[in-house]
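Take a look at the structure set out below.
Model, not experiment: these values are computed from the prediction.
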Amino acid sequence: MSLTFPNRSRSYDESGRRIRFVGYDGMFQISFSVAADAMSKMRPETAADEAGYLAAFDTASSAIYDVARTAYDRTRKSIYVLTAADFR
């Protein structure tokens, strides 16, 4: 199966400064995080707070899911942290 994102929920991890979300490969749940600096790189106007990062995630979710799929297709791990370097 391929990686899907049927659950559109996401949350902000303030201590890790990242947005968390999950994807599914069949019955397997894959955990993802996007570093806040990646959100700021994708959307420079992003406010540097929880609301700003979540809004930026929502706006860029299609691109984020594409990067997450690419990362998963390469290594098939169960946990990923996507950084600014992943978003070229």
Side-chain angles (χ1 to χ4, degrees):
M1 290 195 92
S2 64
L3 188 65
T4 61
F5 299 94
N7 180 354
R8 300 296 179 171
S9 66
R10 75 287 183 271
S11 61
Y12 180 63
D13 171 9
E14 188 169 349
S15 64
R17 293 202 38 162
R18 58 183 139 206
I19 307 294
R20 294 180 180 201
F21 64 103
V22 296
Y24 295 89
D25 184 356
M27 65 182 203
F28 299 103
Q29 180 174 301
I30 314 302
S31 298
F32 290 91
S33 295
V34 179
D37 67 329
M39 300 305 303
S40 297
K41 179 181 178 183
M42 289 187 326
R43 303 196 52 85
E45 71 280 3
T46 298
D49 60 15
E50 179 177 359
Y53 292 130
L54 292 174
F57 182 94
D58 292 344
T59 301
S61 62
S62 292
I64 293 168
Y65 295 150
D66 288 344
V67 169
R69 282 186 193 95
T70 299
Y72 182 71
D73 286 344
R74 275 195 304 261
T75 59
R76 301 277 176 170
K77 299 185 300 186
S78 60
I79 299 173
Y80 292 85
V81 176
L82 305 175
T83 65
D86 294 303
F87 296 87
R88 301 182 208 278

Assert yes or no for the condition that the ring centre distance of F32 to Y72 is strictly below 6.0 Å.
no
Ring-ring centroid check F5 Y24, cutoff 6.0 Å:
no
Rounded to the nearest 0.5 Å, what's the gap from [atom1] on [X] to [atom2] on [Y]? Could you check?
X   : Y   : atom1 : atom2 : answer
R20 : S9  : CZ    : OG    : 12.5 Å
S40 : E45 : OG    : CD    : 9.5 Å
R8  : F57 : CZ    : CZ    : 8.5 Å
I19 : Y12 : CD1   : OH    : 6.5 Å
F21 : S61 : CZ    : OG    : 9.5 Å
S33 : I79 : OG    : CD1   : 8.5 Å

Just by distance, no angles: are the side chains of Y53 and R17 close enough, under 3.5 Å, to form a donor-acceptor pair?
yes
So, T75 and Y80: side-chain donor and acceptor under 3.5 Å apart, yes or no?
yes
So which heavy atom on [X] is nearest to which on [Y], and how close?
X   : Y   : value
T83 : A38 : C-CB, 3.7 Å
V81 : D86 : O-OD2, 4.0 Å
A56 : M39 : C-CE, 3.3 Å
R43 : A60 : CD-CB, 4.3 Å
F87 : A63 : CE2-O, 4.4 Å

Is any side-chain heavy atom of I64 less than 4.5 Å from a side-chain heavy atom of M42?
yes
Hey, are the side chains of I30 and L3 touching, using non-hydrogen atoms and a 4.5 Å cut-off?
yes
Count the heavy atoms belonging to other residues, nucleotides or ligands that lie under 6.0 Å from CD of E14, then report whether that count exceeds 12.
no
Check the pair R18, D13 against side chain to side chain contact (heavy atoms under 4.5 Å, CB included), reporting the backbone distance first and the verdict last.
CA-CA 5 Å; R18 58 183 139 206; D13 171 9; 3.8 Å; yes
Given D58 and R10, is the side chain to side chain contact (heavy atoms under 4.5 Å, CB included) satisfied, shown in steps?
CA-CA 9 Å; D58 292 344; R10 75 287 183 271; 2.7 Å; yes
